[in-house]
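Reading through the structure tokens given below for one structure.
Since this is a predicted model, take the numbers as computed values, not measurements. Quick note on labels: first sequence line is chain A, next is B, and so on, each numbered from 1. Just so you know, these numbers use all the heavy atoms, side chains as well, and skip hydrogens, waters and symmetry mates.
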Amino acid sequence: MSRVGRIFPELIRCLFSPPATVDFPKSEVPVPPDYRGKPVLIQEKCTGCGLCARDCPAAAIEMVEVGAKRPKPAFDYARCAFCAQCAESCRSDAIEITAEHHLAAYDKEGLRWVPRYEGTKEKPAES
Amino acid sequence: MTKYNLPVGPQHPALKEPASFWFKVEGEVIVDVDIRLGYNHRGIEKACESRNYIQCLYLLERICGICSHAHTTAFAQGVEEILGLEIPARAKYIRVIIAELERIHSHLLWLGVAGHEIGFDTLFMYAWRDRETVLDILELISGNRVNYAMNTIGGVRRDIDQAKREQILGMLDPLAERVKFYTDLVTSEPTCLARLENVAPVPADKAVALGTVGPTARASGIKVDVRRDDPYAAYAEIPFEVITSERGDLLGRAIVRLGEIGESVKIIKYALQNLPEGPLTVKAPRKVAAGEAVSRVEAPRGEDIHYVRADGSDHPERVKVRAPTLANLFAVGESMKGAYVADIPIVIASIDPCFSCTDRMIELVQSRTGTSSVMTWEELREYGIRWYGHGHRS
Ligand code: SF4
Ligand code: SF4
């Protein structure tokens, strides 16, 4: 049942169809709204219980002293596997999984995020 | 005629069971094969012993980027068995849906790799383009293209709501059409037939004796499939066919895999349309009482076995994984006797060990004089394509 040229119609069709790839970064394929991207801490809600750090499979969360009553989670996005387990383990809904996925940085420090604490009010640090 | 030793491997960064093949060749014909395993050992099983059950899931998921869901399902099932947990029906169905999507994406990936190995790069690119549909569906459901992280001990982590279900059902039909086209193409295109038909066949008795599993066994006419033989998750309630072929050769493996994609599409449609209502998880304790369990699932490449032993703490005492490629390697080694050097890439690729994605070194050692020449995988592949192109063996 060997037939030469079975692929030709497909080849010709593809000649006139647009490319399957996109010209990143000029354009990009959108991610679904509930994409598992960067996990971010909502500081006001965090009680500092450390459950997120205990379950993080990639050791991407470190509980750090920031001057608050209890240590708070600091994220190392270079280690993060984007599994969203931290958000699931947190009982105070203090971690939000965002669709943010443009996370490239020039050095490792640029991928670390440490919570900042000022007096009685907790403020997220700049990046 | 002078005998050569032809070592292939051992570095295959893409393969989860790295192997070194030592071929003894006489001219162009392979007379003997020796397989050595144990390279690139990552210590995942040992690492599991120092992590809690939740963390283990994500670690085991990373044994393989392609069968990730199969590994977590097997592990979660094992732990649930020790705990005596019955997961909700909805979770069972969602596990099936993800498993079948994973099978489609794995088989389409294989089709592309096989096309590439026989020098049919058009097939490679088209198959991988169409595979994007499945990855999009997986991303839609789980939020990740690979390592979907859908399983947890006691159920699944994400739901598939009505809107998503309809969207997915709409994406499946065009995909099934494409698979029909590929089946027709692979079984009729002279390039495919010349490279796949009657190459390195594994007869049924050998396939049993050497313990092949999955599509490799089914292509030799053996009807084994964990989904049918020992139904887990929701497979007992979902109608499907076990695809087999009597051929035993590489073409048989292609036919079986492509046929399975069609079955997977049917299973997913059925599961989406009959998704039971209810919760996604049952509450699982963090500490698992002492006990042990063996759990198996049908991964895209065959039967995947996990053994878990718990000692009452929140981390396992022992985890053991037997992935399907290990079971298939030896039959493939056997079947190579009598095949040609030019067939090595496609025969190894035919059991789908994700072998061919990377360049690697091949050393040609002439046993009598000890001279050796070094070829990369890419050169060997081109050699194979050229060799057939010059009309040897027709
Ligand atoms: S998403 Fe996963 S890997 Fe990343 S910080 Fe959270 S738990 Fe750790
Ligand atoms: S689990 Fe939630 S509340 Fe506890 S430390 Fe982590 S983010 Fe804060």
Side-chain angles (χ1 to χ4, degrees), chain A residues 1-22 24 28-40 49-61 79-91 95-101 103, chain B residues 47-48 51-62 68 72 115 120 122-123 125-126 128-133 135-150 152 157-159 161 164 167 178 181-194 197 281 286 314:
Chain A
M1 28 163 199
S2 163
R3 268 183 297 143
V4 182
R6 182 67 187 82
I7 192 107
F8 289 166
E10 180 69 16
L11 283 177
I12 291 163
R13 201 178 61 79
C14 286
L15 268 183
F16 299 102
S17 54
T21 49
V22 299
F24 185 82
E28 64 178 284
V29 182
V31 296
D34 45 4
Y35 182 80
R36 278 186 182 140
K38 181 179 182 177
V40 258
C49 65
L51 288 178
C52 50
R54 186 185 60 179
D55 277 349
C56 172
I61 304 178
R79 294 195 66 102
C80 179
F82 307 101
C83 63
Q85 181 61 45
C86 46
E88 211 156 288
S89 293
C90 177
R91 291 192 192 145
I95 295 176
E96 192 195 352
I97 301 298
T98 63
E100 173 62 45
H101 57 285
L103 298 175
Chain B
C48 279
R51 282 165 170 76
N52 66 38
Y53 285 94
I54 300 280
Q55 292 173 316
C56 283
L57 273 173
Y58 301 104
L59 182 61
L60 289 166
E61 182 159 52
R62 282 158 182 80
S68 60
T72 54
F120 197 172
T122 314
L123 176 60
M125 289 186 190
Y126 288 0
W128 280 36
R129 178 195 62 194
D130 294 329
R131 175 174 162 262
E132 283 302 308
T133 311
L135 294 178
D136 286 346
I137 297 177
L138 284 165
E139 191 184 42
L140 186 71
I141 299 174
S142 74
N144 285 346
R145 275 165 60 92
V146 285
N147 293 339
Y148 334 106
M150 281 295 279
T152 188
R157 298 175 59 200
R158 279 193 176 202
D159 196 12
D161 60 25
K164 278 184 185 166
Q167 198 178 343
R178 298 299 303 166
F181 167 72
Y182 290 127
T183 315
D184 186 30
L185 183 69
V186 169
T187 50
S188 68
E189 174 69 42
T191 321
C192 296
L193 292 180
E197 220 176 0
T281 48
R286 291 191 66 91
D314 68 348

Evaluate the criterion side-chain contact (heavy atoms from CB on, under 4.5 Å) for residue pair B:Glu61 and A:Cys83; output intermediate values, then yes/no. CA-CA 11 Å; B:Glu61 182 159 52; A:Cys83 63; over 6 Å; no

For A:Asp55 against B:Arg286, the heavy-atom pair lying closest together: OD1-NH2, 2.7 Å

What part of B:Tyr182 gets closer than 4.5 Å to chain A, counting heavy atoms only: side chain, backbone, both or neither? neither

Less than 4.5 Å apart, any side-chain heavy atom of A:Asp34 and any of B:Arg158? yes

Measuring from A:Ile7:CD1 to B:Phe120:CZ, what's the distance to the nearest 0.5 Å? 4.0 Å

Judged by atom type as modelled, is there a donor-acceptor pair below 3.5 Å linking the side chain of B:Arg157 to the main-chain atoms of A:Ala84? yes

Going from OG on A:Ser17 to CZ on B:Arg129, what distance comes out if it is rounded to the nearest 0.5 angstrom? 6.5 Å

Residue B:Tyr53 versus chain A: region with a heavy atom under 4.5 Å: neither

Please check if atom CZ in A:Phe8 has more than 12 non-hydrogen atoms from other residues, nucleotides or ligands closer than 6.0 Å. no

Using non-hydrogen atoms only, which part of B:Ile54 is less than 4.5 Å away from chain A: side chain, backbone, both, or neither? side chain

I need the minimum non-hydrogen distance between A:Phe82 and B:Asn144, along with the two atoms involved. O-ND2, 3.6 Å

Hey, which of B:Gln55, B:Arg51, B:Arg145 has the most heavy atom pairs under 4.5 Å with chain A? B:Gln55

What residue in A:Glu10, A:Arg54, A:Arg36, A:Gln85 has the most heavy-atom pairs under 4.5 Å with chain B? A:Arg36

With a 4.5 angstrom heavy-atom cut-off, which part of A:Leu11 approaches chain B: side chain, backbone, both or neither? both

